[in-house]
K.L.:
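Input: one structure, supplied below.
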Amino acid sequence: KRTAFLDAFERVSEAFQSAFAELARGEGRLRLEAPEDPFAGGLIIEARPRGKKLARLEAMSGGEKSLTALAFIFALQEVNPAPFFVFDEVDQSLDGVNTEVLAEAIRARARTRQYVVISHHRVMLDRSSQTLGVSMRKGWGTVVTGVAMDGAEGGPDGGAGGG
Amino acid sequence: KRTAFLDAFERVSEAFQSAFAELARGEGRLRLEAPEDPFAGGLIIEARPRGKKLARLEAMSGGEKSLTALAFIFALQEVNPAPFFVFDEVDQSLDGVNTEVLAEAIRARARTRQYVVISHHRVMLDRSSQTLGVSMRKGWGTVVTGVAMDGAEGGPDGGAGGG
Amino acid sequence: VRVVALTLDNFKSFAKKTRIPIRPGFTTVSGPNGSGKSNLIDAMQFVLGIATSKGMRAERLTDLICIEGNKTTARVSLELEGEFEPPAGATEGATGTVRRRLEVSRVVRRVKQGGAQAHYELDGKPVRLTDLHDLMRELGFPTSGQNIVLQGDVIRLTSMGGVARRQVLDELA
Amino acid sequence: VRVVALTLDNFKSFAKKTRIPIRPGFTTVSGPNGSGKSNLIDAMQFVLGIATSKGMRAERLTDLICIEGNKTTARVSLELEGEFEPPAGATEGATGTVRRRLEVSRVVRRVKQGGAQAHYELDGKPVRLTDLHDLMRELGFPTSGQNIVLQGDVIRLTSMGGVARRQVLDELA
Ligand SMILES: Nc1ncnc2c1ncn2[C@@H]1O[C@H](COP(=O)(O)OP(=O)(O)OP(=O)(O)O)[C@@H](O)[C@H]1O
Ligand SMILES: Nc1ncnc2c1ncn2[C@@H]1O[C@H](COP(=O)(O)OP(=O)(O)OP(=O)(O)O)[C@@H](O)[C@H]1O
Ligand SMILES: [Mg+2]
Ligand SMILES: [Mg+2]
């Protein structure tokens with residue numbers, strides 16, 4: 001059990017370093033509080049965002065924390081891949097530049113897997129190849145309209161009206 | 001002690017109803033889980049956002065929850081006023097329309113009190129009368145520049161350069 | 001395997017039957033607060049049996065049935081397309097896999113006493129959840145829901161302690 | 001009473017002494033992630049003694065001293081302007097209040113063993129925190145920090161249970 005954990009930790013650790021470099025353009029790493037007996041301690045996330053000193057996750061700014069957590073999520077997804085990923089408003093704390101970097105990281109991964117991402121940010125929506133518009137119509141409920149970013153029409157059908 | 005609490009509860013409850021009507025344009029109310037012995041139970045927040053059914057806070061959407069929490073915060077501030085309020089990124093889950101409604105609610109209250117609001121949203125910044133721009137300069141640290149929205153120059157002085 | 005379409009019928013805020021095609025690659029979803037975006041994600045979790053009702057912001061399964069309509073049944077279907085091994089008995093020496101579509105559905109119905117009756121379907125026939133999850137694992141779909149990052153999960157991840165964070169890895173191993 | 005200016009010197013990411021005038025009414029603060037916006041708010045909490053070091057994302061007071069510079073002292077000053085009762089001994093029958101400015105400061109210094117030495121000042125003279133808080137209450141400034149909504153507080157408020165929420169009211173009463 002411990003061997004299985006340490007093996008997973010090694011792989012996630014490596015994936016985290018590269019995902020963090022991609023998103024925060026700095027150095028990040030995972031560290032076990034109790035390496036000899038992993039289950040006796042926690043998991044420490046340390047990072048040196050570009051141009052700054054090494055700090056634990058807890059000391060970072062709101063946006064830096066989110067970006068670091070997203071690098072951790074990408075690492076978990078790389079080690080345990082699925083054909084299909086969903087992100088519900090993961091970019092809430094990010095500024096424009098970081099939202100753009102995240103959008104690009106998703107777009108790159110979406111070449112081989114499906115990503116469905118809910119977001120309020122224009123920067124994220126513009127980088128996708130399909131945007132589903134969701135709205136609430138009185139007396140009707142949720143209505144979904146499809147907007148294909150690359151020209152082809154790919155809207156939903158059913159209650160909201162076809163194609 | 002119980003009387004003091006019930007008195008505060010009445011006042012916050014009333015202030016919450018009006019703040020919720022202002023922000024969510026619906027009906028909201030606070031309710032004690034154990035009205036006979038308040039300290040034995042919790043505080044329930046129920047609301048009927050415009051056009052929807054009554055629901056507890058826990059069942060609402062992310063943005064609806066934030067808006068409801070902000071109405072609660074405004075209610076607390078009305079009952080316990082201070083000359084000066086600070087909001088650090090309270091609009092993270094809000095869409096454009098709700099951010100605008102919140103910005104207007106802050107602007108109205110700012111006629112008699114100082115509000116300092118940190119935000120990434122253009123809609124919020126545009127409604128203020130002064131925006132302080134904060135950035136990090138390599139080898140220098142945080143730099144603050146002042147932009148007065150109403151024409152007068154009111155920038156910070158010191159390290160970042162005067163006026 | 002990839003998702004082809006998601007169909008919601010009387011589920012949460014989706015009063016009318018709505019089929020939503022989802023294309024390969026990068027899809028975004030946007031709209032006002034409270035319009036139904038997260039409900040769409042809840043529908044995916046619901047149909048694949050990978051969340052508790054609480055994880056879909058419902059106190060019990062019947063809360064997932066749209067309260068606007070008079071219907072007592074909510075139904076969600078997920079159409080998948082994938083490459084499968086040729087079925088048993090196919091010609092020995094066939095080299096290719098077969099492209100096949102399959103549809104997973106789940107129905108929840110309100111019953112007289114206020115309780116719920118629910119079942120899963122695979123290509124229109126009732127299927128047990130354990131068998132559905134075996135198939136999902138075969139297709140590389142996590143049954144833990146680890147591929148779905150819910151609203152607030154990122155913030156929770158940043159504020160959880162080191163031990164809770166390590167436990168996330170325990171689940172992976 | 002209103003805030004006139006906040007001055008930060010070697011505090012957290014503010015390596016250079018910076019005086020920030022804050023005008024009446026509605027002020028917004030914006031900038032990239034990690035640029036120092038929340039640090040500005042931490043400075044306000046620091047100078048008024050209304051937060052623990054943990055509430056300013058520091059493990060101990062010395063973490064608040066800017067690590068870029070070689071200085072071992074961090075200083076924050078808050079200039080306030082308000083209407084005060086005329087001082088004792090003023091002419092009987094004086095009807096108006098006096099407009100006065102006052103400056104609250106706090107200094108934290110790193111000492112040899114790695115510990116911290118800190119003190120408060122009112123108009124340049126050392127003052128005890130209890131006396132400072134008495135003055136703040138007189139000016140209508142909450143000493144609980146309830147007028148400062150920190151990053152993440154709104155989300156915490158939405159996810160806290162009913163009892164924790166009621167306890168927020170307990171503090172008010
Ligand atoms: N059983 C139900 N019947 C009808 N409407 C429901 C039902 N359950 C939830 N809803 C509605 O769904 C809405 C929430 O939708 P959802 O959480 O998907 O919003 P959202 O688009 O994600 O918003 P946000 O941007 O704020 O996160 C609620 O306002 C609620 O009124
Ligand atoms: N003692 C210190 N010395 C130098 N820099 C520090 C010190 N303490 C914190 N910092 C820096 O301050 C930064 C965080 O600043 P802050 O939290 O104010 O960012 P922010 O502008 O609020 O960002 P966000 O939009 O992400 O919330 C960290 O990146 C950290 O490097
Ligand atoms: Mg949502
Ligand atoms: Mg911040």
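Each chain gets a letter, A, B and so on, in the order the sequences are listed, and its residues count up from 1.
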K.L.:
Using a 3.5 Å distance criterion without hydrogens, assess whether the side chain of R166(C) forms a donor-acceptor pair with backbone atoms of G41(A).
P.N.:
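Confirmed, R166(C) side chain pairs with G41(A) backbone.
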
K.L.:
S93(A) versus chain C, heavy atoms under 4.5 Å apart: side chain, backbone, both or neither?
P.N.:
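Contact with chain C is through the side chain of S93(A) alone.
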
K.L.:
Given E121(C), which of R75(C), R128(C), R106(C) fulfils the salt bridge (charged side-chain N to carboxylate O under 4.0 Å, His left out) condition?
P.N.:
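Passing option: R75(C).
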
K.L.:
Is the distance between the ring centroids of F74(A) and F16(A) less than 6.0 Å?
P.N.:
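No: the rings miss the under 6.0 Å criterion.
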
K.L.:
Please check if any side-chain donor atom of Q117(C) sits under 3.5 Å from a side-chain acceptor atom of H119(C), or the reverse.
P.N.:
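Their side chains do not contain a donor-acceptor pair, so the 3.5 Å distance test is not met.
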
K.L.:
Where the side chain of T62(C) meets the backbone of R110(C), is there a donor-acceptor pair that is under 3.5 Å apart?
P.N.:
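No: the side chain of T62(C) does not pair with the backbone of R110(C).
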
K.L.:
Who in residues 19-34 of chain A is close to chain C, using a strict under-4.5 Å heavy-atom cut-off?
P.N.:
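Residues in range: L32(A).
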
K.L.:
Considering only heavy atoms, which portion of Q151(C) lies under 4.5 Å from any heavy atom of chain A: side chain, backbone, both, or neither?
P.N.:
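When you check distances to chain A, atoms from both the backbone and side chain of Q151(C) fall under 4.5 Å.
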
K.L.:
Out of V1(C), V3(C), N33(C), V168(C), which one racks up the most heavy-atom pairs below 4.5 Å with chain A?
P.N.:
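Maximum pair count with chain A is reached by V3(C).
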
K.L.:
Assess the pair F85(A) and Y115(A): is the distance between their ring centroids shorter than 6.0 Å?
P.N.:
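Distance test on ring centres: under 6.0 Å, yes.
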
K.L.:
Please classify the contact between L150(C) and chain A as side chain, backbone, both or neither, with a heavy-atom cut-off of under 4.5 Å.
P.N.:
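The backbone, not the side chain.
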
K.L.:
Sort I155(C) into side chain, backbone, both or neither according to what part of it lies under 4.5 angstrom from a heavy atom of chain A.
P.N.:
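The answer is the side chain of I155(C).
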
K.L.:
For S129(A) and R23(C), test the side chains for any donor-to-acceptor distance below 3.5 angstrom and give the result as yes or no.
P.N.:
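On atom types as modelled, these side chains do not qualify, holding no pair under 3.5 Å.
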
